[in-house]
Amino acid sequence: MEKHFDPNTIETKWYQTWENKGYFKPKNDDSTPYSIMIPPPNVTGSLHMGHAFQDTIMDTLIRYHRMKGDDTLWQPGTDHAGIATQMVVERQLAAKGLSRHDLGREKFIEKIWEWKEDSGGTITQQLRRMGASPDWTRERFTMDDGLSDAVKEVFVSLYEEDLIYRGKRLVNWDPVLHTAVSDLEVISEEEQGNMWHMSYPLTDGSGALVVATTRPETMLGDQAVAVHPDDERYQHLIGKTITLPLVGRQIPIIADDYVDPEFGTGCVKITPAHDFNDYEMGKRHDLPMLNILTHDACINEEAPEKYQGLDRYEARKLIVADLEALGLMVDIKPHTLMVPRGDRSHAVIEPFLTDQWYVAVEALAKPAIDAVKNGDIEFVPKNWENTYFEWMNNIQDWCISRQIWWGHRIPAWFDDNGKVYVGRNEQEVREKNGFAADYNLRQDDDVLDTWFSSALWTFSTLGWPEKTPELAKFHPTSVLVTGFDIIFFWVARMIMMGLKFTGEVPFKQIYVHGLVRDGEGQKMSKSKGNVLDPIDLIDGIELEDLVKKRTYGMMQPEKAAKIEKSTRKQFADGIPAFGTDAIRFTFASLASTGRDIRFDLQRAEGYRNFCNKLWNATRYVLMNTEGFDTGVDKKADIEFSLADKWIVSRLQNVETEVAKQFDAYRFDLAATALYEFIWNEYCDWYLELAKPILNTDSSDAAKRGTRKTLVSVLETILRMLHPITPFITEEAWQAVSPLAGKHNDTIMLEPYPEADASKIDLDAEAELEWVKKFVIGVRKIRSEMDIAPSKALPVLLAGLNDNDQAWLKNNELYLLSLAKLASIEVLLDEVNAPESAVALVGEMKVLIPMAGLIDKEAEISRLDKEIGKLQGEIKRLGGKLSNQGFVAKAPESVVAIEREKLASYETALKNLEAQYEKIQQL
RNA sequence: ACGACUGUAGCUCAGUUGGUUAGAGCACUACCUUGACAUGGUAGGGGUCGGUGGUUCGAAUCCACUCAGUCGUACCA
C-alpha cells in the first residue's frame with residue numbers, strides 16, 4: 001500500500017465494479033422495503049454543491065439501509081425543466097441567427113431532444129463521481145412516455161372532477177419569455193422608483209382629485225378612482241365621474257373600504273386589468289377589464305394612438321411628460337417599491353389578463369394538511385411543519401399552463417367554436433363526443449408547468465397508473481430528502497397529488513436540510529463568482545483553471561475582474577484534490593439542523609487527513625497481520641489482552657451511537673462519533689497498545705488475540721464508515737476482510753455492524769482508563785519539564801491500593817512502552833523517596849526523580865498551577881455543598897457525585913501540597 | 001408588519017429531557033522526523049455561551065423583554 005491515501009486511483013475502479021455487478025438494484029426479496037426518490041435535478045444542470053450535499057445524504061441513507069438488509073430502491077432521474085431547457089436551446093439557435101419560430105414547433109422540439117441526448121447526461125455522470133448508488137437501470141425523465149401518460153391521466157381526471165378549470169384571470173406574465181408563470185416563480189425585491197402624484201379633473205369641472213401611483217403608464221387602463229366610504233373629504237364625490245387625462249374616458253368615483261384614507265391622498269386609481277388588488281376591486285364593482293398591453297408589454301391599440309406600440313417604460317416617460325405639460329403632474333417623489341421579476345428571465349413581471357388553466361387546490365390541500373397533522377408524514381426537523389401549514393392554509397389556485405413549447409402539451413382540444421374538450425388523446429375526444437373524422441379539432445398550444453409532472457414523481461416513476469409490483473412495494477417511499485426552498489414548489493404539491501391519486505402519502509418522512517453557502521455564508525452563485533464545483537474539490541483544480549471557470553460566460557462581464565482578484569487571493573494555490581470520500585465526510589459532518597451550511601475548505605482538508613489516517617491505520621494492521629495467524633482458526637489458543645477487551649467494548653458504544661444518529665438524521669453527530677472513535681481511540685490508543693504485544697516476546701496466544709482484534713475491529717470500522725465514505729472503505733476492506741475470515745465480493749452488501757451488549761466490559765474500560773491516566777501523567781511532566789521524548793524515565797510509585805497493585809502487575813508492559821519508562825519501582829517506604837516530580841493517578845503517586853532532569857523552580861511552578869486549579873474547584877464544590885437548598889432539593893445521586901469529587905480533590909490537594917513543601921525545602 | 005430561524009473559542013460548528021472543570025475540527029504556542037501516518041505525534045494557551053431580567057438548590061439549556069443577523073410571507077395605490 002502507498003504511504004498516502006490516493007483517492008484518484010481507486011474511485012473509478014470501484015464505482016464501475018459496483019454498477020456493473022448490479023449492486024445498486026433492489027434485491028427483490030421479502031425484506032423490509034426502503035425507498036428514496038431523488039429530487040429530480042434539472043436536465044440542463046450540472047452538479048452543484050447543493051446536489052452533492054443532498055446526494056451524499058441520500059446515498060448514506062441508502063447504503064446504510066442496504067447494509068442493514070432492507071430491500072432498497074434509490075430511484076434516479078431528471079426533470080425536463082420547461083423554460084430553462086427551452087432557453088438553453090434557443091440560445092444555441094440564436095448563435096446561428098435563428099429563433100425557434102424559424103424552425104417551427106415540431107423541429108424545435110426535435111432539437112431539444114437531440115440536445116438532451118448529447119448533453120443531458122452531465123449531471124448523472126457527476127452523480128456517479130460522488131459515489132451515489134441509485135438503481136441506474138430505473139433512471140427516469142419527466143418527459144418519458146410512461147411519465148407523460150401519468151401526467152395525462154392526472155390532468156384528465158382532475159378536469160373531470162372540476163379540479164382543473166380554464167379561465168380568464170390576471171396572471172403573472174413574463175413579457176420576455178411570453179408565458180404565464182406561477183406566483184412562486186416571481187421574486188419581488190425592493191427597487192428604487194418614484195411615486196407620481198397626478199391630478200384627475202372632475203368631469204363637471206368642480207375640481208380635481210389627486211391620485212398617486214408607482215406606474216403612471218397604467219393610467220391608460222384606469223376604470224375608476226376609489227375612496228374610502230367613510231372618508232369625509234370625498235363622500236360628496238362618490239358617484240360623480242372624473243375625465244381621465246390624455247384618454248378622455250369618463251370613469252366613476254367609487255367607494256371601497258380597501259382604500260386606506262390615511263395613506264397618500266386617500267384616492268386610488270383603479271386599473272383592473274393590470275393590478276391584482278384593482279382586479280379584485282374591479283370584480284366587486286363590476287368595472288370593465290381593459291387590457292392596454294401587448295404580450296411584449298407594449299401599449300396596445302386600446303390606448304390613444306399616440307402611445308400605441310411604445311414599450312411600457314417609453315410610454316411612461318411620454319405620459320409623465322404629457323401630464324407635466326398639462327400641469328396635471330402634482331408631485332414626483334422618490335419611492336422604494338417591491339418590483340416583481342421572473343426567476344428565470346429577470347424581466348419585470350406584468351399582471352396580465354389571459355386565458356389559463358388552473359388547478360383548484362383547496363380540496364386537495366385539506367387532506368394534505370391532515371396527513372402532516374396526524375403524523376402520517378413527519379417533517380425532520382419538526383419546525384418545518386409551520387412553514388408548510390402556513391403556505392397550505394393560504395394556498396391559491398395553481399396556474400399550470402405555460403406558453404412555451406417544451407413540456408407536456410395540455411391534453412385539450414378546441415373545436416371551431418372555441419369549445420374545449422379534454423381527453424387522453426384526440427382519438428378519445430372524438431369518440432367520447434361523437435365527432436366525425438373530419439370534424440375540426442385543434443390541440444391547445446400550451447404546455448404544463450414542469451412542477452405538475454414533478455408532483456407525480458414518487459408514483460409516476462414506479463409505473464403508475466399501471467399497478468406495477470414496484471409501486472406496490474416501494475410506495476409510499478421511506479423519506480424525502482430535500483431543501484426547504486422547494487417545500488412549496490414541490491413537497492406540498494407531491495403530497496396533494498400523491499394522496500389524491502394513490503390514496504397514500506408519497507413519503508413517510510421529509511428530511512429538510514440546509515442550503516450550502518460559501519465560507520462567508522453567501523449563497524453560491526455564478527454572478528457572485530463564489531461557486532465551488534464539487535468535482536473540483538474531488539479532483540483538485542489549478543488556480544488558472546479556476547479563474548477561467550469562474551469568469552467564463554458571465555451575464556455581467558464587468559464583474560469578472562473583481563471575481564478574478566478575489567479568487568486569486570482566496571485560492572492562491574488552487575484547490576487540492578480531496579477525493580470523494582473526504583468531501584462526502586465533510587458534507588455529513590456539516591449536516592446539522594441549521595438552515596445554512598457554510599462550506600469550509602479547511603474542514604474538507606481535515607477530513608482528507610482523516611481518510612489518510614484510516615488508510616495508514618489499515619496499512620499498519622496489514623503489515624502486522626498479513627502472513628500471520630489472525631486467529632481465524634478457532635481451535636488455536638487465543639488470549640485477549642486488556643486493550644483487546646477495552647477496544648471491543650468501546651466499539652459497541654460507537655456502534656450504538658452511530659445507529660442512533662443515522663436513525664435521527666443527525667449525520668453530523670454520526671460522523672463525529674466515527675471520527676472520534678477511529679482517531680482518538682483506535683489509532684491513538686489501541687494501535688499503540690498493540691505494539692508492545694506484537695513487538696515483544698509475548699505468547700503466541702496473546703499475539704494471536706491482538707492480531708485478531710486489530711483485524712476484526714478495523715473490519716467493523718470499515719463497514720460502519722462505508723455509508724459515508726464508500727471508496728476508501730471498499731478498497732481497505734478487500735484487503736482486511738479475508739484476514740477476518742470473510743470472503744465476499746463487496747463491503748456494500750455486508751451487514752451493518754450492530755452493538756452486542758455482552759461485549760461491553762466496564763471493568764476493562766476502568767482498568768484501561770487507569771493506564772491512560774498513568775501514561776498521560778508521565779507525559780505531562782515530561783512535556784512541562786522539557787524532558788526529551790526520547791529519554792526513558794525511571795518512575796517510583798507510592799500510595800498504591802489493591803486495585804493499583806493488581807493493575808500495575810497486569811499492565812507493566814503497556815506503561816513501559818507508552819510512557820517510555822526505563823523502570824517502574826514500588827516504594828515501600830515513601831519517606832525515603834528521592835526528590836521527584838509527581839503525577840497523581842487517583843490516590844497513587846507517580847514519582848519521577850528530579851536528579852539531573854528536573855529543575856526545582858520549574859517543578860514548584862508546575863505544582864503551584866495544579867494546586868491553584870484544585871483550590872478553585874474545591875472552593876466551588878464546597879460552596880455548592882454547603883448550600884442547604886442544593887443538599888436538600890437536588891437528587892441524591894447528584895449530591896453524592898459532588899461529594900465524591902470534593903473528597904478526591906481534597907486528597908489530591910493534600911498530596912500536592914505535601915509535595916510542594918518537600919520540594920521547597922531542598 | 002407578521003412569522004420562523006440563528007447568535008457558544010480567532011474561524012466553522014456540536015452541546016440530547018436544566019446537574020462533571022462548556023466540547024470538537026481548523027488556526028495558534030512549545031517540543032518531537034520514533035519503525036502506520038509530518039495529510040503525523042505529545043503537551044499546552046484560548047470562551048463571564050449576544051444583552052438584561054426572571055423561574056430554580058442549580059441555566060448555554062426553561063420564560064419574558066431586548067439587540068444583531070438571515071430567511072419567508074404580506075404589503076398602501
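Protein chains get the first letters and strands the later ones, always in sequence-line order, with residue 1 at the start of each.
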*Check every strand shown and say whether A:Tyr675 touches a base, only sugar-phosphate, or nothing at a heavy-atom separation below 4.0 Å.*
sugar-phosphate
*Is a donor-acceptor contact shorter than 3.5 angstrom present between the side chain of A:Lys3 and the base of B:A38?*
no
*Of the nucleotides B:A36, B:C57, B:C75, which has the atom closest to the A:Ala617 side chain?*
B:A36
*What do you reckon, do A:His4 and the base of B:U39 stack, with centroid distance below 5.5 Å and planes below 30°?*
yes
_So if I take every side-chain heavy atom of A:Ser592 and compare against B:G44, B:C13, B:U70, which nucleotide ends up nearest?_
B:C13
*Considering only B:C75, B:A43, B:A27, which nucleotide approaches the side chain of A:Met338 most closely?*
B:C75
_Could you check whether A:Lys875 pairs with A:Glu873 (Lys NZ or Arg NE/NH1/NH2 to Asp/Glu carboxylate O, under 4.0 Å)?_
no
*Is there a donor N/O on one and an acceptor N/O on the other, under 3.5 Å, for the side chain of A:Glu784 and the base of B:A30?*
no
*asked:* I need the CG-P distance between A:Asn394 and B:U73, as an integer number of Å.
replied: 12 Å
*Out of B:A77, B:C37, B:U70, which has the shortest distance to the side chain of A:Arg595?*
B:U70
*asked:* Rounding to an integer number of Å, can you tell me how far A:Ile597 CD1 sits from B:C5 C1'?
replied: 14 Å
*Tell me which nucleotide among B:G40, B:G19, B:A14 gets nearest to the side chain of A:Trp679.*
B:G40
_Please report the distance, rounded to the nearest Å, between CG in A:Asn386 and C1' in B:C71._
14 Å
*State which of B:A24, B:C37, B:A77 makes the closest approach to the side chain of A:Thr214.*
B:A77
*So does A:Arg603 get a side-chain nitrogen or oxygen closer than 4.0 Å to the phosphate oxygens (OP1/OP2) of B:C26?*
no
*Report the distance from atom CG of A:Leu590 to atom P of B:C11, rounded to the nearest whole Å.*
17 Å
*asked:* Given B:A4, B:U20, B:G19, identify the nucleotide with an atom nearest to the side chain of A:Asn383.
replied: B:A4
*Report the nucleotide, chosen from B:G72, B:A77, B:C32, that has the shortest atom-to-atom distance to any side-chain atom of A:Phe488.*
B:G72
*asked:* Can you measure A:Lys889 atom NZ to B:G58 atom C1' for me and round it to whole angstrom units?
replied: 11 Å
*Side chain of A:Met195: nearest nucleotide among B:A77, B:U39, B:C57?*
B:A77
_B:C37 base / A:Lys613 side chain donor-acceptor hit below 3.5 Å_ = yes
*Would you mind telling me which of A:Glu350, A:Glu185, A:Glu191, A:Glu190 makes a salt bridge (Lys or Arg N to Asp or Glu O under 4.0 Å) with A:Arg341?*
A:Glu191
_Evaluation steps, side chain to side chain donor-acceptor pair (under 3.5 Å), between A:Lys820 and A:Ser790_ = CA-CA 8 Å; A:Lys820 193 135 195 154; A:Ser790 51; over 6 Å; no
*Taking atom P of B:G58 as reference, at what distance in whole Å does atom CD of A:Gln884 sit?*
13 Å
*asked:* If I take atom CG in residue A:Asp786 and atom P in nucleotide B:U29, what distance separates them, rounded to the nearest angstrom?
replied: 17 Å
*Among the candidates B:G15, B:U70, B:C37, find the nucleotide nearest to the side-chain atoms of A:Arg666.*
B:G15
